[in-house]
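Here's the structure, in structure tokens; my notes come after.
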Amino acid sequence: MKRKIAFVICLVLVISVFAGLFSYSRAEVDYRYIRVKISIGTTTSFSFFVDGNYSVSGQMLDRQLYTVRIDGSQLKLCLGDTTVAQGSTIEIIRHQGTPGRNNFIWLNNSEYGYLQYLGDMVFSIDSGAIQLVNRIPLEEYLYGVVPNEMGDSFLPEALKSQAVAARSFAAYKMSSSRSYDLRDTVDQVYKGYDASKTNSIAAVNETVGQVLKSGGKVIEALFSASNGGMTDIPYHRWKGGADYKYYVIQEDPYDLANQKSPYETIFFPVTIDASHPVTSSGNAGTPNTTVAVNYFKTAILNSGKLARYGVTNINQFELSGVTSLATHTHESPASTNGKSDQDHSRMPPGTKMENKCIDKVYATGSFIVTIFPVGAASASAEKAAAGEPVAEGTPAASEQPVASEEPAGEETPAGEAKKASEDTTADEAKVSGEEASASVDTAASQEPAAAAEPPEADAQAAAQQAATADAVPAAAGTRIEVNGVDIYLRHLNGSDGDKTWKAFQSTSLGVLVVDPVYDGSTLVGFNLSQRRYGHACGLSQRGAEQRAKDGHTYDNILAFYYPGTTLEPLYGSVPPLTAPGSFTDYTNGTVVNVTTAVNVRSGPSTGYSLLGTLPAGARLELMEADIASDWYMFNYGGKAAYIHRNYVQVDADTLISTMFIRRRGEIYVTPKTPCSALVNSFKPSGGTVTIRNASGAVISGSALMENGSTVTLTDGSGNLLDRLTVRVTKGDVDGDGRVTTADYTLIRLHILHLITLDSYGVQMADINEDGAINIADYTLLRLYLLGLWILS
């Protein structure tokens, strides 16, 4: 019995331990920090530029180009050919920055190009490729999200609403069970850190830590560019999120009022004539009115209601007016036309929200047509209204150029650019709902197909048969009212897969709507419009922009788009970065005069091979100025490389020589170098240059340099600006005071017995000091000139 009791106690303890471990695992989610998977493609080698105070395994890193490589089952962090760190995971930790210097890492993002990143970088191996995760304070992450999802030019209150929504979405996605929380593309658009985005940074700082909650939990705060005048719910779009209480279908007049909300519109007057033509407008494209009119005429013809007048093709009558036009019939169940995300069978049962939706697929209209005798040409009124009609049943689809698929306007929200499955963009991705729920059904083919509408050809054949059987040709100019004609709206934007009647140009807009147009109380026509850029769930960025213009504060904006939620703090302050360990910053110049990046060459001209690029603003270690034709030599990942002087700004307090190589606080001269030659080789600095020998005595003029001498640069007040240690090296075979390819050539010719060096030349050519001049000396000097070896 005692054994059983002891066993039970042990079992309870074990369960308690495991429960404690589970609880601790959940508690490990620290909302102050987020892990973002960065797009670097599928690669086994990736280079990046450290331009700040970073360490790996406690060792401070130089401000240099580093490369991470997969080597078997391990990763190696390399500076040139030197391995700095290795392991299954490599973590690069950011420390407090140096005042006046950059403190970030440059990455060439495979989706966005060169960007700078704050935070730590964690490299690991996933499926045989390098995975890079940016571990960063959530607020700093938002610095790179808000201006790229909404645009830095938006008003402060709109930006603050975006900051809270993006912060809430990010916190909702955090997990302790994965190696990252979000991706930089398909979840929220994250493009690192750009200090120029001051409005967005301020919006993040002014809402620090604030999130939206419902039932005490952080919500999945979805958002999109423009809702087209009415918000939507996740369950309608993706079949998930039925339990979300903070999404409703409601009208959003502010989205419609924003002139930058993308749209295309065709206006059909009640009376169509030369003075009242069918017209089009739009900032996302210019609709083709001829195609639209011809489709309306084809629908009228296919209705069979003109058969009694002997009408057999659309050139026998013209559209003279539209007296009524109203949408009806939602898409339910889903069809196979690519719009299954709007299947109304996915609505929460009993909500009746489908009655509020605007994404209906049919419209019924009443029309006035003017009929002509068989064989007669169309009248001029229709030509004036919509252009010259084409042959029977054929639209003039090529008469208008296809407009850009992106909505026009000053800064289209970047979060709405790629997502094909939603006619939005992958930049908006999860925010556009790609992963709204584990139960999301994205395959249209898995839904039952909608009932097919009668083929137009069959309907027209029926009309022709009826016309020939019992036709009574109308007199010239007869006006007929035709009622109850169905228009299939999907035809007009080609989303049914048939481009025959594609009158609207953009493929990125989500709903087709009909709005009556009044002049006072008089109906003057109907706007048939294509609107909505994105999924329309949650915050509308264009709606928020308009609300901010009208004086709404960010909390009021959020209350409309996420009704029933509360705005609450999620966490306290983030601890400051740790101080860096002991290290020396060898950089002495900055990349300038380029908008993105400048090419780096293997030699001092554009004829040499391309080694890579350096981003604008990056710091670099210059080794020699004006080495040839205004090119600078610099340290690029532990090797010599070259950049044109037009793209380099040398620090004003730096000693940089036009003759002698500087490297890591040392300058390499030859035995025949006098003080005057060294001083004269320095770029003008405006300071005072002082040279002391190894014993500390000041030397100048013709005194020769010796190993251990020091060169200092001070300002007018005697403050130290720069300091170099002199290293006297061999290699100056021709005695001109510098080591160049000419010396390399002389050694080669001497080895080939084509010339004989003098005693000084022999001394300088014996690079390895083995008492002989041979291929080893030739090779060492060659490596030196390539920046792969340092002379001693």
Heavy-atom distance under 4.5 Å between the side chains of [X] and [Y], does that happen here?
| X | Y | answer |
| --- | --- | --- |
| Leu558 | Leu212 | yes |
| Gln131 | Ser179 | yes |
| Leu61 | Val56 | yes |
| Asn227 | Tyr561 | yes |
| Leu107 | Leu115 | no |
| Ser161 | Leu539 | yes |
| Gln541 | Glu149 | yes |
| Tyr112 | Asp184 | yes |

With the threshold set at 4.0 Å, does a side-chain nitrogen-carboxylate oxygen contact exist between [X] and [Y]?
| X | Y | value |
| --- | --- | --- |
| Asp51 | Arg101 | no |
| Arg135 | Asp181 | no |
| Glu545 | Lys260 | yes |
| Asp120 | Arg35 | no |
| Asp30 | Arg32 | yes |
| Lys173 | Glu220 | no |
| Arg63 | Asp585 | yes |
| Arg663 | Glu666 | no |

Return yes if a side-chain donor-acceptor contact under 3.5 Å exists between [X] and [Y], otherwise no.
| X | Y | answer |
| --- | --- | --- |
| Thr207 | Arg167 | yes |
| Asp152 | Ser200 | yes |
| Tyr143 | Asn148 | no |
| Tyr190 | Asn134 | yes |

Measuring from atom [atom1] of [X] to atom [atom2] of [Y], what distance do you get when rounded to the nearest 0.5 angstrom?
| X | Y | atom1 | atom2 | value |
| --- | --- | --- | --- | --- |
| Thr83 | Leu75 | OG1 | CG | 11.5 Å |
| Thr613 | Asn108 | OG1 | CG | 5.5 Å |
| Tyr247 | Arg237 | OH | CZ | 13.0 Å |

Steps toward salt bridge (Lys or Arg N to Asp or Glu O under 4.0 Å) verdict (Lys160, Glu206): CA-CA 8 Å; Lys160 285 192 272 187; Glu206 290 172 22; 3.5 Å; yes
Centroid-centroid distance, Phe634 to Tyr636, less than 6.0 Å: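 Yes - the distance between ring centres of Phe634 and Tyr636 falls below the 6.0 Å cut-off.
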Within 6.0 angstrom of Tyr586 OH, more than 12 heavy atoms from elsewhere: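 Result for OH/Tyr586: enclosed.
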Parallel, tilted or perpendicular: ring planes of Tyr193 versus Phe104, cut at 30 and 60 degrees: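 The arrangement is tilted - the two ring planes meet at 30° to 60°.
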Ring geometry between Phe123 and Phe46 (parallel below 30°, tilted from 30 to 60°, perpendicular above 60°):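 The rings of Phe46 and Phe123 sit tilted, inter-plane angle from 30° to 60°.
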Partner of His95 by side chain to side chain donor-acceptor pair (under 3.5 Å), out of Asn103, Thr578, Asn53: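 Per the side chain to side chain donor-acceptor pair (under 3.5 Å) rule, the option paired with His95 is Thr578, out of Asn103, Thr578, Asn53.
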